[in-house]
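Input: a single structure, listed below in structure tokens.
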Amino acid sequence: RPFINTPQATGADQAVGFGLVGFSLLLFTYYTIWVIVLPFVDSDHVIHSYFLPREYSVILPGVAALILLLCVGTFIGVITWKNRKPKKVD
Amino acid sequence: MTKLLEWLLGVSLIGVAWGLVTFDLLDLQLPPQYRELAWPMPVYLLVVFGCYSLATVGYRVATFNDCEDAAKELQAQIKEAKEDLKKKGLKM
């Protein structure tokens, strides 16, 4: 018989969904402290040891964006390659 | 003025303000902390927007209700379509 949505599907959906929410909140908090808060904290405060040098707050998102673009481009390339059709011979 | 022009104007103004502060083009002698705060701003805003988008998608996935009836109906329609196409000679 064909497989239909079971109540379990909601559980997995909720786990993934709320996982994404939690991850976004963590990332937002860490990044906001790094970019907005740290410049106003004394340079000898211990909190600075939990953060990379400031340049990385721009370099890392840049690298992440590049990798994302590469993945998207590769995916499109692979799909296009798979769907190439041979020319018709008359 | 079209919405596009409005947006472009707004973004340009903000961009100019950011450039002035980051590269100190007007010699404003701003305190160093504010200059440190200013230069990552474009990337920061993009990351924050990304986080907001991710959180919105995640929340909508988590709160989307299952539609059992719609799922059953869809499965039945798929079955019907497959049989119909097989009769007409399509290979699956």
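The model shown is predicted, which means the values in this text are computed figures rather than measured ones. Below, all heavy atoms of this structure are taken into account, side chains as well, without hydrogens, waters or symmetry copies.
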Side chain to side chain, Val37(A) and Ile47(A), heavy atoms closer than 4.5 Å: no

Backbone of Leu38(A) reached by a side-chain donor or acceptor of His45(A) within 3.5 Å: no

Contacts of residues 34-54 of chain B with chain A (heavy atom under 4.5 Å): Tyr34(B), Glu36(B), Leu37(B), Trp39(B), Pro40(B), Met41(B), Val43(B), Tyr44(B), Val47(B), Val48(B), Cys51(B), Leu54(B)

Asp84(B), CG: over 12 other non-hydrogen atoms inside 6.0 angstrom: yes

Side chain to side chain contact (heavy atoms under 4.5 Å, CB included) assessment of Leu8(B) paired with Leu4(B): CA-CA 6 Å; Leu8(B) 282 175; Leu4(B) 175 66; 4.1 Å; yes

Shortest non-hydrogen contact between Tyr56(A) and Pro61(A), atoms and distance: O-CD, 3.8 Å

When Tyr31(A), Phe23(A), Phe40(A) are compared by non-hydrogen pairs under 4.5 Å with chain B, the top option: Tyr31(A)

With Leu26(A) via side chain to side chain contact (heavy atoms under 4.5 Å, CB included) - residues at least two apart: none

